[in-house]
Amino acid sequence: MVRIWAFFLLFVVFTFNGFSQPNPAQRDSLNRLTQADHQWMMRLLGIESLRPGPSGNPQAPNAANADESKAKTYESVPNPLVLENGKAVKNRTDWENRRSELNELFDREMYGRTPKNLPEVNWERIWEKDTLIGGIEVVYKKMKGIVDNSSFPAISVSIDFEYGVPKNGDKSVPLVMEFGWIWPAGMQRPPAPPGPSWQEQVLTQGWGFGTLIPTSFQADHGAGLRAGIIGLINKGEPRKLDDWGTLKAWAWGAGRALDFLESDSAVDSKRVVIEGLSRYGKAALVTMAYDERFAVGLIGSSGAGGAKLLRRTFGEQVENLASSGEYHWFAPNFISYAGPLTPNDLPVDAHELIALCAPRPVFISVGSPTVEGQWIDAKGMFEAAVLAGPVYELLGKKPLPTHDFPPIQTFLVSGDLAFRQHEGGHTVGPNWPYFIEWARKYLVK
């Protein structure tokens, strides 16, 4: 019976994997199958019920806390510079040992273990063309990474990635890789902000740009866990409790795109930026933390599960992340922290995820509390960056220049950790010029 249900699930996921907008009946099927998988994980964990998360609607009776005086409901946070045996981290060798410990804790309790011996990816060029973007001549390529599925031919997986570099360059150039979206046919896109696009802005610097489509290789819902790269590795079966979640899978895909860029002499693969917004901001931070080849991170409004301290009772909470709408981003073990355990029981927190990026530079971007809202918790991300600072200092890099949360539109630019809360909403848009100004010192030879 379980196997029959699993293959029905695969049929649904293959048909509606995020490339097109499902109709109401299809959406209902996906929701039911997601709920079933979520409940199965809870049974494996021995959990009967979870604490409900707060609402993102400020007018709701159970609205998320937006009162800073009620945010600090914890007494301490884990120290990234103390080993599990209680000894202090005093040098780079100690830090490498501590880094291994933190990777293990994040793998086991939060993001899941990336499987070993993952299949090879063979890249095919779909098309290549010369084009003009912002008046700049660009060589633009659309690529598809075909994942070897010989271990389980019932599931096919491919990675969609496209990128452009200035034409007629005489040397390899940096490239900014973004986790991006596929807009379903007929779906209205948000209005483009005034001024040049982010692609035009980086091209003006002589850099390239690329867009990776995460849902091309791992769908963004629980039903999709039986397909995509996660389903392929598990041969269509449910995850184990410490298996990787979607954020780790998306990070894997970014790494495979970087593998490909290493073969293109037009791109300097040692100067590649990873960028993302919201859930893709979470993915970008996870990518930076686990793949040390990425040179710089631009982390946009990543919030809970990304750069925000999970212990803070402000905005989105662990209970939201562990619900059926978001649990698939994480290892099933993480669900426990909305049940018998609490965020204070987590052996790690966001500041240690940021610390895993050290000594490489990270820019944390967030919008206005009155436009974007308080759900993201700008101060929670700032405080996590502050707490990651000692690791950067240990490695000879500069932390944020202040421990005091700055007024909106203050550009903390002097360190290898940067922070700016812009005047807009849920977007990186207004911070692109500031990021480029800051990143030039790392990307311009």
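Values below: all heavy atoms of this structure, side chains included; hydrogens, waters and symmetry mates excluded.
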Flag side-chain contact, heavy atom, 4.5 Å: Ile376 against His426: yes
Run Tyr337 and Asn344 through side chain to side chain contact (heavy atoms under 4.5 Å, CB included) and show every step you take. CA-CA 9 Å; Tyr337 293 94; Asn344 289 324; over 6 Å; no
How about Gln39: does its CD atom have over 12 heavy atoms from other parts shown lying under 6.0 Å from it? yes
Report yes or no: does Lys142 contribute a side-chain atom to a donor-acceptor pair with the main-chain N or O of Ile126 at less than 3.5 Å? no
Distance-only donor-acceptor pairs under 3.5 Å for side chains of residues 381-394, two or more places apart:
from, atom 1, to, atom 2, distance (Å)
Tyr392, OH, Arg360, O, 2.7

Those residues that, when tested against Arg92, pass salt bridge (charged side-chain N to carboxylate O under 4.0 Å, His left out) (two or more places apart): none
When rounded to the nearest 0.5 angstrom, what is the spacing between CE in Met177 and CG in Leu298? 13.5 Å
Relative to the ring of Tyr163, is the ring of Phe161 parallel (under 30°), tilted (30 to 60°) or perpendicular (over 60°)? parallel
Above 12 or not: heavy atoms from other molecules or residues under 6.0 Å from NZ of Lys72? yes
If the condition is side-chain hydrogen bond (donor to acceptor under 3.5 Å, both in side chains), which residues does Thr246 pass it with, not counting sequence neighbours? none
Just do the side chain to side chain contact (heavy atoms under 4.5 Å, CB included) check on Val89 and Leu83 with the steps written out, would you? CA-CA 7 Å; Val89 173; Leu83 293 157; 4.0 Å; yes
Between the side chain of Arg271 and the main-chain N/O of Leu175, is any donor-acceptor distance below 3.5 Å? no
Identify each donor-acceptor pair in which a side-chain atom of residues 74-82 lies under 3.5 Å from a protein atom, sequence neighbours left out, and give them as a table.
from, atom 1, to, atom 2, distance (Å)
Asn79, OD1, Leu81, N, 2.8

Determine whether a donor-acceptor pair (N or O, by modelled atom type, separation under 3.5 Å) exists between the side chain of His422 and the backbone of Thr427. yes
Can any side-chain N or O of Gln218 pair as donor or acceptor with the backbone N or O of Gly224 at less than 3.5 Å? yes
Residues which pass side-chain hydrogen bond (donor to acceptor under 3.5 Å, both in side chains) with Ser197, listed by chain and number, not counting sequence neighbours: Gln199
Is Asp349 paired with Arg311 through a side-chain N to carboxylate O contact shorter than 4.0 Å? yes
Result for side chain to side chain contact (heavy atoms under 4.5 Å, CB included) between Phe435 and one of Val413, Val296, Val202 points to Val296
Examine distances only and state if a side-chain atom of Asn431 and a backbone atom of Tyr434 form a donor-acceptor pair shorter than 3.5 Å. no
Please list, chain by chain and in numerical order, all residues satisfying salt bridge (charged side-chain N to carboxylate O under 4.0 Å, His left out) with Asp291, sequence neighbours excluded. Arg293
Do you see a donor-acceptor pair shorter than 3.5 Å between the side chains of Glu372 and Ser301? yes
Side chains of Lys70 and Thr313 in contact at under 4.5 Å (non-hydrogen atoms): no
With side chains defined as the heavy atoms from C-beta onward, is the minimum distance between Leu50 and His38 less than 4.5 Å? yes
Given side chains that start at C-beta, do those of Glu316 and Pro54 come closer than 4.5 Å, heavy atoms only? no
pair Val273-Pro174: side-chain heavy atoms closer than 4.5 Å: no
On a heavy-atom basis, the closest approach of Ala88 and Asp94 is O-OD2, 3.8 Å
Restricting to salt bridge (charged side-chain N to carboxylate O under 4.0 Å, His left out), what partner residues turn up for Glu101, sequence neighbours left out? Arg98
For Asp107 and Tyr290, which I'm curious about, is there any donor-acceptor pair between the side chains at under 3.5 Å? yes
If you define the side chain from C-beta out and look only at heavy atoms, does anything of Leu417 sit under 4.5 Å from Cys357? no
Roughly how far, to the nearest 0.5 Å, is the OG atom of Ser156 from the CG atom of Leu232? 8.5 Å
Does a side-chain heavy-atom distance below 4.5 Å link Ile213 with Trp181? no
Give a yes or no on whether the backbone of Ile155 and the side-chain of Asn149 come within a donor-acceptor separation of less than 3.5 Å. yes
Salt-bridge test for Arg279 and Asp220: reply yes if a basic N is under 4.0 Å from a carboxylate O, no otherwise. yes
Are Val318 and Asn320 packed together at the side-chain level, in the sense that at least one heavy-atom pair is separated by less than 4.5 angstrom? no
Parallel, tilted or perpendicular: which one describes the rings of Phe411 and Phe363, with boundaries at 30° and 60°? tilted
Stepwise salt bridge (Lys or Arg N to Asp or Glu O under 4.0 Å) test for Asp242 and Arg113: CA-CA 6 Å; Asp242 61 351; Arg113 303 184 190 280; 2.8 Å; yes
Say whether, by atom type as modelled, one donor and one acceptor occur between the side chain of Lys282 and the main chain of Ala304 under 3.5 angstrom. yes
Enumerate the side chain to side chain donor-acceptor pair (under 3.5 Å) contacts for residues 43-52, please, sequence neighbours excluded, ordered by first and then second residue. Arg51-Glu319
Working note: Leu356 + Met288, criterion side chain to side chain contact (heavy atoms under 4.5 Å, CB included); need CA distance, chi angles, decisive distance, verdict. CA-CA 8 Å; Leu356 287 176; Met288 273 292 288; over 6 Å; no
Full working for side chain to side chain contact (heavy atoms under 4.5 Å, CB included) between Leu285 and Leu353: CA-CA 8 Å; Leu285 185 54; Leu353 186 66; 3.6 Å; yes
Donor-acceptor pair, side chain of Ser278 and main chain of Tyr280, under 3.5 angstrom: no
Ser324 meets the side-chain hydrogen bond (donor to acceptor under 3.5 Å, both in side chains) criterion, sequence neighbours left out, with Gln35
Thr114 and Lys248 side chains, donor-acceptor separation under 3.5 Å: yes
Of Ser365, Pro369, Ser368, Pro407, which meets side chain to side chain contact (heavy atoms under 4.5 Å, CB included) against Gln421? Pro369
Phe330 vs Phe334 aromatic rings, parallel, tilted or perpendicular, using cut-offs 30° and 60°? tilted
Name all residues meeting the salt bridge (charged side-chain N to carboxylate O under 4.0 Å, His left out) criterion together with Lys397; count only those two or more places apart in sequence or in a different chain, and write none if there are none. none
Arg99 with Glu292: basic N within carboxylate O range, under 4.0 Å: yes
Ser29 side chain vs Ala25 backbone, donor-acceptor pair below 3.5 Å: yes
Could you check whether any side-chain N or O of Thr410 sits under 3.5 Å from a backbone N or O of Pro406, counting only pairs where one atom can act as donor and the other as acceptor? no
Tell me whether the rings of Trp123 and Phe260 are parallel (<30°), tilted (30 to 60°) or perpendicular (>60°). tilted
Just grab all the side chain to side chain donor-acceptor pair (under 3.5 Å) pairs involving residues 56-68, residues at least two apart or on different chains. Asp67-Ser69, Glu68-Arg312
Could you tell me which residues satisfy ring pair (Phe, Tyr, Trp, His ring centres under 6.0 Å) with Phe314, sequence neighbours excluded, listed by chain and number? none
